Amino acid sequence: MSVELLSLLSVFPWAFVLVYIHPKISVQKLFLTVVGAVLLGWLSTELVLQLNSWFWPNVPVPGKKTSSSILSQTLHIAFVQAGMMEEACKSALILIFSYIISFDRKTKRFLPEVFLIGGFVALGFAGVENYHYIKSANEHDRVATFIARTLKSTNAHLLINLCFSLFLFKSNFKERGEKAKYLGYAFVLAVVQHGLFDFFVLPNGRFGSWIATALFVGIWVWIVRDRRKFLVPLDAEIIREGESSLPNLSPGRSGEV
């Protein structure tokens, strides 16, 4: 099986679920949202590569590595090079694209499509990243790499950005002066989530994998809970082009965490 097909299959199940469970929207808007978000996910991988090579050129550091240097290196990769850089690029693109096509300028509120945007930016990023990992793997290990990337890495990217997108939607119920702070908190949370995941899985140990799995099971529960509260009430409605269809919730029931 080709690397390209395996990379596509590594994100397809999650993409299908996202589209299937989303409240009804026009086919044209669905196509624009999905394709645009996937392309932005691909663009975010290029931005991350360029920024990492500029900020941290691959210069070997002489000297004997100690356990403390290994720990500091793991923390740097997990929370800075991967966590902060990747989430900064993805979050910025999610926010900009959501404001362009999924923001009601009359009511000053984000539309439910931000959930799709966040999810497909994550899948676009993960698909490109998976391609490189699967391609670089030994031919006998490619299927195993594909399975691991599908269940762990793609899942992690998706969860982090769905969580961020839900914060965008929940910011609708914040006072104007609090929205920027709320979205800043969403970005910091995305960096911490990404950093914790990488910190526990980078050593490639069984115990770390269990902790990372437990962490993301918890985030799945969180996302499902908030989605039921904010997006499920829209499932029975047809969201017409240009029409704002937000749940009738007051700021006091924002579901904030």
Side-chain angles (χ1 to χ4, degrees), residues 10-11 14 41 44-61 63-94 118-119 121-134 136-137 141 144-167 183-224 257:
S10 70
V11 299
W14 306 110
S44 65
T45 62
E46 298 299 322
L47 289 175
V48 169
L49 289 174
Q50 294 299 322
L51 289 173
N52 274 333
S53 64
W54 190 76
F55 281 109
W56 300 285
N58 189 22
V59 178
V61 179
K64 183 179 179 180
K65 290 187 177 180
T66 64
S67 59
S68 61
S69 67
I70 293 174
L71 176 61
S72 62
Q73 184 180 31
T74 303
L75 286 169
H76 174 77
I77 294 173
F79 286 93
V80 181
Q81 278 193 256
M84 187 177 71
M85 296 303 298
E86 291 184 14
E87 296 313 320
C89 293
K90 290 189 293 178
S91 298
L93 293 175
I94 291 170
V121 166
L123 294 180
F125 185 98
V128 175
E129 191 177 64
N130 292 347
Y131 170 81
H132 290 292
Y133 274 93
I134 295 171
S136 62
D141 297 330
T145 303
F146 156 73
I147 294 173
R149 299 296 303 179
T150 303
L151 297 180
K152 292 183 178 180
S153 302
T154 303
N155 188 18
H157 283 295
L158 180 63
L159 285 173
I160 292 167
N161 292 143
L162 287 182
C163 189
F164 180 82
S165 296
L166 280 171
F167 269 79
L183 295 182
Y185 171 66
F187 169 68
V188 172
L189 180 63
V191 173
V192 171
Q193 289 171 338
H194 194 134
L196 285 174
F197 178 80
D198 280 357
F199 179 76
F200 287 117
V201 300
L202 279 176
N204 200 26
R206 184 173 299 176
F207 180 69
S209 295
W210 289 345
I211 295 177
T213 301
L215 173 67
F216 281 92
V217 167
I219 299 176
W220 261 122
V221 172
W222 183 6
I223 289 173
V224 170
V257 295

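For clarity, every value in this text was computed on a predicted model and none was experimentally measured. Because only heavy atoms are used, hydrogens play no part in the values below, and waters and symmetry mates are left out as well, while side chains stay in.
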Nearest heavy-atom neighbours spanning [X] and [Y]:
X      : Y      : value
Asn130 : Ser10  : ND2-OG, 2.9 Å
Ala137 : Thr145 : CB-OG1, 3.5 Å
Ile223 : Leu159 : CD1-O, 3.4 Å
Val48  : Cys89  : CG2-SG, 3.9 Å
Thr150 : Phe146 : OG1-O, 2.7 Å

Q.
Check this for me: Phe79, atom CZ, are more than 12 non-hydrogen atoms of other residues, nucleotides or ligands nearer than 6.0 Å?
A.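 Atom CZ in Phe79 is packed in, count exceeds 12.
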
**Q.** Set of side-chain hydrogen bond (donor to acceptor under 3.5 Å, both in side chains) partners for Gln81, sequence neighbours left out
**A.**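 If we apply the side-chain hydrogen bond (donor to acceptor under 3.5 Å, both in side chains) test to Gln81, skipping adjacent residues, the hits are His76.
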
Mind checking the [atom1]-[atom2] spacing from [X] to [Y]? Nearest 0.5 Å is all I need.
X      : Y      : atom1 : atom2 : result
Ile134 : Ile147 : CD1   : CD1   : 10.0 Å
Ile160 : Glu86  : CD1   : CD    : 8.5 Å
Tyr131 : Thr45  : OH    : OG1   : 12.5 Å
Phe200 : Leu196 : CZ    : CG    : 6.0 Å
Ile94  : Phe187 : CD1   : CZ    : 11.5 Å

**Q.** Check against side-chain contact (heavy atoms from CB on, under 4.5 Å), Asn155 and Trp220
**A.** CA-CA 10 Å; Asn155 188 18; Trp220 261 122; 3.0 Å; yes

Q: Please identify each residue that fulfils side-chain contact (heavy atoms from CB on, under 4.5 Å) with Ala148, with sequence neighbours left out.
A: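 If we apply the side-chain contact (heavy atoms from CB on, under 4.5 Å) test to Ala148, skipping adjacent residues, there are no hits.
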
Is there side-chain contact between [X] and [Y], with heavy atoms separated by less than 4.5 Å?
X      : Y      : value
Ile219 : Gln193 : yes
Phe197 : Lys152 : yes
Ile211 : Phe207 : yes
Val11  : Phe125 : no

(Q) Going by the rule ring-ring contact (aromatic ring centres under 6.0 Å, His included), which residues pair with Phe164 if we only count those two or more places apart in sequence or in a different chain? (A)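 Checked Phe164 against ring-ring contact (aromatic ring centres under 6.0 Å, His included); zero matches.
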
Q.
Walk me through whether Met85 and Asn52 qualify under side-chain contact (heavy atoms from CB on, under 4.5 Å).
A. CA-CA 8 Å; Met85 296 303 298; Asn52 274 333; 3.6 Å; yes

Q.
Does Phe55 form a side-chain contact (heavy atoms from CB on, under 4.5 Å) with Val80? I'd like the steps, not just the answer.
A. CA-CA 11 Å; Phe55 281 109; Val80 181; over 6 Å; no

Q: Would you please test Phe199 and Leu71 for side-chain contact (heavy atoms from CB on, under 4.5 Å) and show each step?
A: CA-CA 9 Å; Phe199 179 76; Leu71 176 61; 3.8 Å; yes

Q. For the side chain of Ser91 and the backbone of Ala88, is there at least one donor-acceptor N/O pair under 3.5 Å apart?
A.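 Between the backbone of Ala88 and the side chain of Ser91 there is no qualifying donor-acceptor contact (under 3.5 Å).
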
Q.
For the backbone of Arg149 and the side chain of Thr154, can you confirm whether one donor and one acceptor N or O come within less than 3.5 Å of each other?
A.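 Side chain of Thr154 to backbone of Arg149, a donor-acceptor pair under 3.5 Å: yes, one is there.
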
Q) For residues His157 and Asn161, is any side-chain donor paired with an opposing acceptor at under 3.5 Å? A)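 His157 vs Asn161: no donor-acceptor pair found between side chains.
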
